[in-house]
Participant: 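Just passing along the structure, written as structure tokens.
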Amino acid sequence: MPGWFKKAWYGLASLLSFSSFILIIVALAVPHWLSGKILCQTGVDLVNATDPELIKFIGDIYYGLFRGCKVRQCGLGGRQSQFTIFPHLVKELNAGLHVTILLLLFLALALALVSMGFAILNMIQVPYRAVNGPGGICLWNVLAGGVVALAIASFMASVKFHDLTERIANFQEKLFRFVVVEQQYEESFWICVASASAHAANLVVVAISQIPLPEIKTKIEEATVTAEDILY
């Protein structure tokens, strides 16, 4: 049985892995990976709008990996519309990259559970095989954190190099063309970053659990035997 010191740290490692699992689920469910401002370029060109009038043509957009929302501002007031990525919008995007991001996150979910299981195993008993010990915990956390980081990098590449926001903003628009004015990553994106950070923190936790505790030695008083004790 592992000592209380290692049990405490392995318990913390299992909690971090489970928190990573929950964070990924939240990131997948909440459609707030990115938000931005979109300019109705067609409306601006029609009325030859100047800088003070541009505010009337700037709408909002936010989206996640499955759905989102867009507010069109084309000079006639804001018009809100909901959209879903699947099954039609994904065809206008880089479908392969988008599906890859989802597969990576689903894989990260499984790896997070495996790393949690290994931490619980080490908390309950000392594994006979080294691969099931602290080295195994580190291995699965490196894999899980690396997969999440790869999904994050893929999403950033989709936004930067494949004009993800602009493609979504102009989906099924026949009369108007929208231009992205500004965009920023939102809470779901940073939740994924936190998930990867949890696995990185697990490596530190496992390393700390291997620090040997100083042994507490009790001083034993030696009994002195005198000649008088022998006589008695």
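Please read all numbers here as calculations on a predicted model, not as lab measurements.
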Participant: Can you hop from Leu15 to Ile124 via hydrophobic side chains spaced under 4.5 Å?
Facilitator: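 No, Leu15 and Ile124 fall in different hydrophobic clusters.
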
Participant: If you compare all heavy atoms of Lys56 against all heavy atoms of Gln73, which two are closest, and at what distance to 0.1 Å?
Facilitator: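 Taking every non-hydrogen atom into account, O-CB, 3.5 Å.
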
Participant: For Leu16, is there any backbone N or O sitting under 3.5 Å from a side-chain donor or acceptor partner on Ser20?
Facilitator: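 Not confirmed, Ser20 side chain does not pair with Leu16 backbone.
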
Participant: Among the clusters formed by ILVMFWY side chains lying less than 4.5 Å apart, do Val179 and Ile55 turn up in the same one?
Facilitator: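 Cluster IDs for Val179 and Ile55 differ.
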
Participant: side-chain contact (heavy atoms from CB on, under 4.5 Å) for Val181 and Leu54? Distances and angles first, verdict last.
Facilitator: CA-CA 11 Å; Val181 178; Leu54 289 180; over 6 Å; no

Participant: Nearest 0.5 Å, please: how far is CD in Glu187 from NE2 in His32?
Facilitator: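 CD of Glu187 is found 5.5 Å from NE2 of His32.
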
Participant: Please report the shortest heavy-atom distance between Ala196 and Val148, naming the atom on each side.
Facilitator: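 Between these two residues, the closest heavy atoms are CB-CG1, 3.9 Å.
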
Participant: What are the two closest non-hydrogen atoms of Gly78 and Val71, and how far apart are they?
Facilitator: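 So the minimum-distance heavy-atom pair works out to CA-CG1, 4.2 Å.
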
Participant: What distance do Thr42 atom OG1 and Leu175 atom CG have between them, rounded to the nearest 0.5 Å?
Facilitator: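 Answer rounded to 0.5 Å: 8.5 Å.
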
Participant: Look only at the side chain of Trp33 and the backbone of Ala27, and say whether a donor-acceptor pair between them is shorter than 3.5 Å.
Facilitator: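 Looks like yes, one N/O pair under 3.5 Å.
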
Participant: Report the relative orientation of the aromatic rings in Trp190 and Tyr185; use parallel for angles under 30°, tilted for 30 to 60°, perpendicular for over 60°.
Facilitator: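 The arrangement is perpendicular - the two ring planes meet at more than 60°.
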
Participant: For the pair Ser209 (side chain) and Tyr10 (backbone), establish whether a donor and an acceptor sit closer than 3.5 Å, ignoring hydrogens and angles.
Facilitator: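 It does not hold such a pair.
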
Participant: Check Ala144 against Ala108 and note the closest heavy-atom contact, atom names and distance.
Facilitator: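 Smallest interatomic distance, heavy atoms only, reads O-CB, 4.4 Å.
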
Participant: Taking the side chain as everything from C-beta on, heavy atoms only, tell me whether Leu103 gets closer than 4.5 Å to Thr100.
Facilitator: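 Result no, sub-4.5 Å side-chain heavy-atom pair not found.
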
Participant: Is the backbone of Pro31 close enough, under 3.5 Å, to the side chain of Arg67 for a donor and an acceptor to pair up by distance?
Facilitator: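 Checked: no pair found.
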
Participant: When you measure from the side chain of Asn202 to the backbone N and O of Ala13, does any donor-acceptor pair fall under 3.5 Å?
Facilitator: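 Answer holds: yes.
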
Participant: Less than 4.5 Å apart, any side-chain heavy atom of Tyr62 and any of Glu186?
Facilitator: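 The answer is no; the side chains never approach within 4.5 Å.
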
Participant: How long is the span from the CG atom in Leu105 to the CD1 atom in Ile152, to the nearest 0.5 Å?
Facilitator: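 It comes to 8.0 Å.
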
Participant: In the single-linkage hydrophobic clustering (I, L, V, M, F, W, Y; side-chain heavy atoms under 4.5 Å), do Leu104 and Val142 co-cluster?
Facilitator: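 Result: no, two separate clusters.
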
Participant: Using the rule that Ile, Leu, Val, Met, Phe, Trp and Tyr join whenever any side-chain heavy atoms are under 4.5 Å apart, tell me whether Trp140 and Leu203 fall into a single cluster.
Facilitator: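 Unlinked, Trp140 and Leu203 end up in two clusters.
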
Participant: Working to the nearest 0.5 angstrom, can you tell me the gap between Ile24 CD1 and Ser195 OG?
Facilitator: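 So the gap between those two atoms works out to 3.5 Å.
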
Participant: Going by ring-ring contact (aromatic ring centres under 6.0 Å, His included), name the pairs with one or both residues in residues 88-113, residues two or more places apart or in two chains.
Facilitator: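 ring-ring contact (aromatic ring centres under 6.0 Å, His included) check on residues 88-113 returns Phe86-His98.
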
Participant: Pair up each side-chain donor or acceptor in residues 157-166 with any protein partner under 3.5 Å, not counting sequence neighbours, and list the distances.
Facilitator:
{"residue": "His162", "atom": "ND1", "partner": "Asn94", "partner atom": "ND2", "Å": "3.4"}
{"residue": "Thr165", "atom": "OG1", "partner": "Tyr63", "partner atom": "OH", "Å": "2.7"}
{"residue": "Thr165", "atom": "OG1", "partner": "Gln183", "partner atom": "OE1", "Å": "2.6"}

Participant: More than 12 heavy atoms of other residues, nucleotides or ligands under 6.0 Å from CZ of Phe18: yes or no?
Facilitator: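 Counting neighbours around CZ of Phe18, 12 or fewer heavy atoms of other residues, nucleotides or ligands fall under 6.0 Å, so no.
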
Participant: Quick one: SG on Cys192 to CG on Leu28, what's the gap to the nearest 0.5 Å?
Facilitator: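 Result: 6.5 Å between the selected atoms.
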
Participant: Quick one: does Phe118's side chain get under 4.5 Å of Leu139's, heavy atoms only?
Facilitator: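 No - every pair of side-chain heavy atoms lies 4.5 Å or more apart.
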
Participant: Classify the angle between the aromatic ring planes of Trp9 and Phe5 as parallel (below 30°), tilted (30 to 60°) or perpendicular (above 60°).
Facilitator: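 Aromatic pair Trp9/Phe5 classed perpendicular.
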
Participant: Kindly say whether Gly11 contributes a backbone atom to a donor-acceptor pair with the side chain of Ser14 at under 3.5 angstrom?
Facilitator: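 Between the backbone of Gly11 and the side chain of Ser14 there is a qualifying donor-acceptor contact (under 3.5 Å).
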
Participant: Going by heavy atoms in the side chains, are Met116 and Phe21 under 4.5 Å from each other?
Facilitator: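 They are not in side-chain contact.
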
Participant: So do Leu113 and Leu109 actually touch side chain to side chain, heavy atoms under 4.5 Å?
Facilitator: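 Leu109 does not reach Leu113 side chain to side chain.
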
Participant: When you compare the side chain of Cys69 with that of Gln80, does any pair of heavy atoms fall below 4.5 Å?
Facilitator: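 Gln80 vs Cys69: side chains touch.
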
Participant: If only atom types and distance count, is the side chain of Gln210 paired as donor or acceptor with the main-chain N or O of Ala207 below 3.5 Å?
Facilitator: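 Such a contact is absent between Gln210 side chain and Ala207 backbone.
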
Participant: Would a single hydrophobic cluster contain both Ile58 and Phe176, if residues Ile, Leu, Val, Met, Phe, Trp and Tyr are joined by side-chain heavy-atom contacts under 4.5 Å?
Facilitator: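 No, because Phe176 and Ile58 fall into different hydrophobic clusters, even though each may have its own neighbours under 4.5 Å.
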
Participant: Is Ile85 close to Leu93 at the side-chain level, that is, under 4.5 Å between some pair of heavy atoms?
Facilitator: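 SC-SC contact between Leu93 and Ile85 confirmed.
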
Participant: Between Lys70 and Asp60, does at least one N-O distance fall below 4.0 Å, as a salt bridge requires?
Facilitator: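 Not counted as a salt bridge, because no side-chain N and carboxylate O are separated by less than 4.0 Å.
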
Participant: Where is the tightest heavy-atom contact between Val206 and Cys138, given as atom of each residue plus distance?
Facilitator: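 Heavy atoms only, the tightest pair is CG1-SG, 3.6 Å.
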
Participant: Would you name the heavy atoms of Ser17 and Asn141 that are closest together and state the gap between them?
Facilitator: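 Smallest heavy-atom distance, with atoms named: OG-OD1, 3.7 Å.
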
Participant: If you round to the nearest 0.5 Å, how far is CZ of Phe189 from CD of Gln184?
Facilitator: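 Answer rounded to 0.5 Å: 12.0 Å.
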
Participant: Looking at side-chain heavy atoms only, is the closest gap between Phe66 and Thr84 below 4.5 Å?
Facilitator: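 A side-chain contact is absent here, since even the closest heavy-atom pair is not under 4.5 Å.
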
